[in-house]
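Some notes on the structure that comes next.
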Amino acid sequence: MPTQVITSPSTPPTNSIPWHTLEQKEIIAHFEVNPEIGFSQTKVDQLLLDYGANELLDKGVKPPLKIFWEQLTAVMVLILLAAAALSLFLSKFLEAGSILAIVILFTILGFVQEYRAAKAIAALKKLAVPAVRVFRDGKLVEISARFLVPGDIILLETGNLLPADCRIIESFNLRIQEAALTGESEPVEKTTSALANADLPLADRLNMGYMGTLVTYGRGKALVVETGMRTELGKIASLIQSVKEELTPLQQKLDKVGKQLALGGVAVALLIMVLGLLTGEELTKMLLTAIGVAVAVIPEGLPAVVTITLALGAQRMLKRNALIRKLPAVETLGSVTVICSDKTGTLTENRMVVQIIDVAGHRLEVAKQAIASQQPVGVTMLLAAVTLCNDAHLQTAENSENSGIIGDPTEGALLLAALQGGMVNDELLDSMPRIGELPFDSSRKRMTTVHHCPDKLLPKEVLKVWQAIPQNRYLAFTKGAVDYLLKVSSHVWLENAVKPMDSEIRQRIQVAGDALSASGMRVLGVAYRHINHTDIKEEDESGLIFIGLVGMIDPPREEVREAVTRCKTAGILPVMITGDHPLTANYIARDLGITTETTVLTGDELSKMNEQQLNEAVENVSVFARVAPEHKLRIVQALRNKGHIVAMTGDGVNDAPALKKADIGVAMGITGTDVAKEASDMVLRDDNFATIVAAVEEGRVIYDNLRRFVMFSVAGNIGKVAVMLFWPLPFALSGLKVETTVALLPLQLLWLNLMTDGLLGLSMGMEKAEKNVMNRPPNSPDSGIFSGGMGLRVSWIGVVIGLIALVVGVVYNMLGFQQWQSMIFTTLAFLQIFQALATRSNYDSLFSIGIFSNRVMCYIIGIMAVLQVAAIYTPLSVFLGLKELSPLDFLLSVALSAILLVVIEFVKLFKRRRAGLIPG
Ligand code: ATP
């Protein structure tokens with residue numbers, strides 16, 4: 001019978017049980033779970049119903065009411081509300097109603113967009129939930145941490161984020177960093193036995209692991225005792241859930257521009273009012289006009305466009321396998337100038353295959369020839385060593401398609417090679433069980449395991465050495481980078497005996513290793529020693545007996561070659577940072593086009609440089625080899641000192657500081673540890689370098705689109721303001737009497753605003769990449785929105801819009817046509833339609849990018865055209881104060897507006913000619 005705590009939904013499961021005081025067998029009995037088999041899926045399904053998913057209730061998502069309130073209290077909306085109040089005060093109910101309608105419309109629009117964006121981001125966050133390895137039905141499977149239940153048996157290893165609260169039941173040097181809960185930054189070494197005191201503070205419960213803490217070293221097995229909100233983290237979750245809202249740099253700039261425009265609008269409105277009053281217009285009329293102008297200038301659509309463009313951008317990036325964890329990254333990606341990438345798995349396929357085994361004079365080309373069952377003792381020992389000193393498993397499923405390697409590909413390749421030589425991982429471990437270990441870490445670049453060793457298993461040559469020192473009862477096997485292993489080896493296995501390692505032999509091994517590295521192989525050295533204890537420490541990795549070398553290849557990813565070229569044409573420097581040998585690194589970097597030189601900066605050389613020297617060096621180096629994770633941090637820092645915007649990849653626990661320091665920290669989705677993912681801004685779902693380049697491209701597109709909208713909106717507003725401001729001028733100059741000093745009525749301005757900023761603007765975020773998006777240098781994050789000639793462009797386009805509309809209006813008015821105002825109104829609307837079309841690309845002609853390639857814009861233009869016709873030819877015209885246009889007038893208005901398209905296209909053509917894109 002399961003205990004009541006677990007099965008009764010009416011009794012909410014409590015976590016008052018002091019789990020750390022119970023003996024392991026008591027906890028196991030409590031959950032009725034077999035630690036070797038785990039729960040059955042049926043049982044899990046039932047427990048999930050009782051306990052719910054293992055997740056913290058996410059209060060981080062902004063509540064709808066808050067989004068609504070923020071929309072309502074934005075500066076722009078407040079100005080609009082003031083305008084509505086003023087209209088109401090003047091008893092102009094139509095105007096007040098229209099402004100309110102605009103406020104409501106934009107608030108709803110903004111709300112919907114922001115809500116959708118928040119939802120999209122929340123969905124992205126869900127995707128980022130860590131995976132955990134759990135025993136279910138006797139099999140080790142990987143599942144999303146959301147589906148863990150109390151009683152589950154999970155495996156923990158370096159880099160894991162603890163997915164729930166659990167009791168540790170096996171620990172191999174398992175160290176957990178619990179700063180998130182206890183504030184203590186030093187990792188705690190975990191034990192498995194019960195503790196006496198029930199009231200121990202969390203920090204002292206050495207046999208427990210808590211959700212949200214990090215495994216920084218070692219590995220172990222644990223039994224989940226609490227999930228979701230019942231975990232210690234869950235209890236304090238409400239304190240930490242307020243996700244900090246981050247505005248992207250561009251958002252901040254746009255926010256500022258938006259406010260400036262809003263205030264500018266008020267200033268211009270006042271100016272127009274004063275001018276009107278001076279020419280004898282009545283106050284009410286001028287007040288209303290001023291309101292209209294202010295409303296016209298305010299870019300109401302801006303916040304909505306920004307939010308939705310960023311969120312849609314993040315979704316597009318996800319389609320290309322880049323999962324954005326922090327929204328500002330979407331935009332920063334567009335400014336990246338250096339991409340620092342790991343080699344293994346990101347630039348290469350991480351499909352290691354052993355090619356060469358080299359044991360003092362015996363060289364086996366594994367790829368070409370089978371390993372015979374009778375081998376020299378050295379080869380047998382090497383194969384046994386790499387089989388035992390190994391954390392990977394070979395999975396041979398009934399369905400052969402699913403068989404493969406579980407674990408690190410380097411280790412899997414070793415298991416496969418050893419299998420060819422007749423060594424079966426599980427069988428060997430049965431007779432020589434592992435009783436101690438020092439896990440691999442990328443600073444030591446080696447790993448060691450300690451094993452029981454029955455005499456009968458040892459070849460007689462080894463047994464002889466073994467029996468000479470009777471107190472040594474165990475064998476330790478070490479494998480790792482050759483140069484690092486040689487430093488701790490004092491002997492060598494040679495001619496079936498242990499010989500002291502003299503400098504000549506050392507040199508020979510080094511040369512043999514280098515030769516393999518220079519042909520692009522990853523080379524591992526293998527060694528062993530006798531030892532008399534099992535709690536092995538780093539100092540025990542000394543006095544080793546070097547057995548031999550293993551060389552394996554890891555083919556470069558095909559698509560990376562092209563991505564590297566794209567990087568270079570986009571003004572981005574690709575840089576390889578690897579823990580591998582300099583010769584291996586250089587071979588692969590040259591193969592992929594990252595460098596053409598042979599210069600490689602090694603971790604050792606880097607350690608000797610001071611900050612100044614490193615700053616100078618980084619810009620000229622494309623390959624860093626034999627680096628330890630702490631070097632990555634210095635490289636990022638140096639590149640940033642040089643003004644670079646750095647994207648940096650990482651997978652291990654120790655990479656986290658560098659990922660945080662980089663402008664864009666990029667974690668590996670497949671091989672990355674949870675810690676690296678937590679520290680990152682973006683996760684690569686396919687671990688592929690090409691994905692970073694794709695994300696950079698999307699980042700640039702988003703930046704372009706946001707700027708495009710601002711340009712569009714500001715130029716349009718300049719045009720409208722120019723019409724309002726300069727309308728009386730031609731009359732004054734020609735000495736004619738002006739019928740009214742107001743070119744457009746407030747309602748007409750409001751309508752136009754709705755059409756352009758509201759409707760057309762939304763389609764701008766959907767624009768596809770410009771052809772040259774990856775052929776130009778990165779956007780400088782310091783440059784303003786109007787930099788790079790954009791300010792000038794906006795101004796002249798604005799002036800042309802104003803001029804055309806004004807000329808049309810003045811000529812019609814001077815000729816005595818009543819419909820002059822309707823002409824200005826219609827022309828302005830179509831001018832902006834043509835402006836939107838012509839500015840879809842900053843460089844290429846509309847015809848080359850395809851008139852219909854932005855579908856949403858086409859639909860919106862269609863709707864706008866219908867609405868414009870409706871405004872003139874239906875009863876709406878009475879409401880808007882418009883006179884009917886003859887079809888000829890209408891056509892003339894459209895044709896004149898098209899002049900803007902022609903002018904902009906000519907300017908772009910001229911620019912392309914000047915840039916030499918078109919022979920000219
Ligand atoms: P990157 O992804 O940055 O290119 P890397 O895989 O090249 O990283 P590390 O994983 O730090 O770098 O490996 C560095 C060196 O450590 C390798 O060149 C290899 O000699 C050795 N090494 C790698 N994996 C193992 C392992 N499982 N056991 C022992 N030694 C290893």
Side-chain angles (χ1 to χ4, degrees), residues 157-159 219 340-352 354 382 385-393 405 407-415 437-449 476-488 513-514 516-517 520-527 541 544 549-554 556-557 560 575-589 592 594 600 602-603 623-632 635 648-655 658-659 666-668 670-673 676 684 687-689:
E157 60 180 19
T158 312
R219 62 190 181 89
C340 296
S341 170
D342 287 349
K343 172 177 70 66
T344 314
T346 316
L347 298 171
T348 65
E349 290 186 3
N350 212 0
R351 254 192 316 116
M352 303 272 175
V354 173
L382 182 137
V386 296
T387 309
L388 291 167
C389 181
N390 200 313
D391 287 330
H393 297 277
I405 296 163
D408 176 23
T410 302
E411 303 204 325
L414 293 171
L415 286 188
E437 67 183 70
L438 265 182
F440 172 75
D441 91 54
S442 40
S443 299
R444 280 175 25 258
K445 304 202 192 304
R446 54 177 179 254
M447 82 179 261
T448 300
T449 55
F477 296 103
T478 306
K479 70 177 192 324
V482 179
D483 31 357
Y484 285 61
L485 204 62
L486 278 178
K487 284 186 197 150
V488 289
D514 285 357
L516 294 179
S517 300
M521 281 192 216
R522 157 168 287 202
V523 191
L524 287 189
V526 183
E541 283 179 333
L544 304 188
L549 303 171
V550 184
M552 52 188 96
I553 50 159
D554 176 18
R557 284 177 183 264
V560 167
V575 172
M576 174 196 281
I577 302 185
T578 174
D580 229 332
H581 195 284
L583 291 170
T584 316
N586 188 252
Y587 179 92
I588 295 182
L592 288 173
I594 292 175
V600 175
T602 65
V623 184
F624 294 86
R626 279 289 184 249
V627 290
E630 61 270 20
H631 296 138
K632 278 190 170 177
I635 297 171
M648 163 79 83
T649 67
D651 48 14
V653 178
N654 307 341
D655 288 336
L659 293 184
V666 184
M668 300 298 133
I670 303 171
T671 57
T673 55
L684 300 181
D687 287 12
N688 193 340
F689 177 82

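Start at 1 and go down the list; that is how both ligands and their atoms are numbered. We number each residue from 1, following the sequence as shown. In this text the structure is predicted, and so the values were computed from the model without any measurement.
Checked for salt-bridge contact, Asp483 and Lys445 miss the test: no charged N lies under 4.0 Å from a carboxylate O.
Contact between Leu414 and Val550 at its shortest, heavy atoms only, is CD2-CG1, 3.7 Å.
Rounding to the nearest 0.5 Å places CG of Leu659 at 7.0 Å from NZ of Lys632.
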What does the N/O contact table under 3.5 Å look like for ligand 1?
residue  : atom   : partner : partner atom : Å
ligand 1 : 2 (O)  : Thr344  : N            : 3.3
ligand 1 : 3 (O)  : Ile577  : O            : 3.4
ligand 1 : 4 (O)  : Lys343  : N            : 3.0
ligand 1 : 4 (O)  : Thr344  : N            : 3.0
ligand 1 : 4 (O)  : Thr344  : OG1          : 3.2
ligand 1 : 4 (O)  : Thr578  : OG1          : 2.8
ligand 1 : 6 (O)  : Thr344  : OG1          : 3.1
ligand 1 : 6 (O)  : Arg522  : NH2          : 2.8
ligand 1 : 7 (O)  : Thr344  : OG1          : 3.2
ligand 1 : 7 (O)  : Arg522  : NH2          : 2.8
ligand 1 : 7 (O)  : Thr578  : OG1          : 2.9
ligand 1 : 7 (O)  : Asp580  : N            : 3.4
ligand 1 : 18 (O) : Asp580  : OD1          : 2.6
ligand 1 : 18 (O) : Arg626  : NH1          : 3.2
ligand 1 : 20 (O) : Ala481  : N            : 3.4
ligand 1 : 27 (N) : Asp408  : OD2          : 3.3
ligand 1 : 27 (N) : Glu411  : OE2          : 3.0
ligand 1 : 28 (N) : Lys479  : NZ           : 3.1

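Using modelled atom types and a 3.5 Å distance limit, the side chains of Thr478 and Glu541 yield no donor-acceptor pair. With no hydrogens or angles considered, a side-chain donor-acceptor pair links His581 and Asp514 at under 3.5 Å. No hydrogens or angles considered: a donor-acceptor pair under 3.5 Å links the side chains of Arg522 and Thr344.
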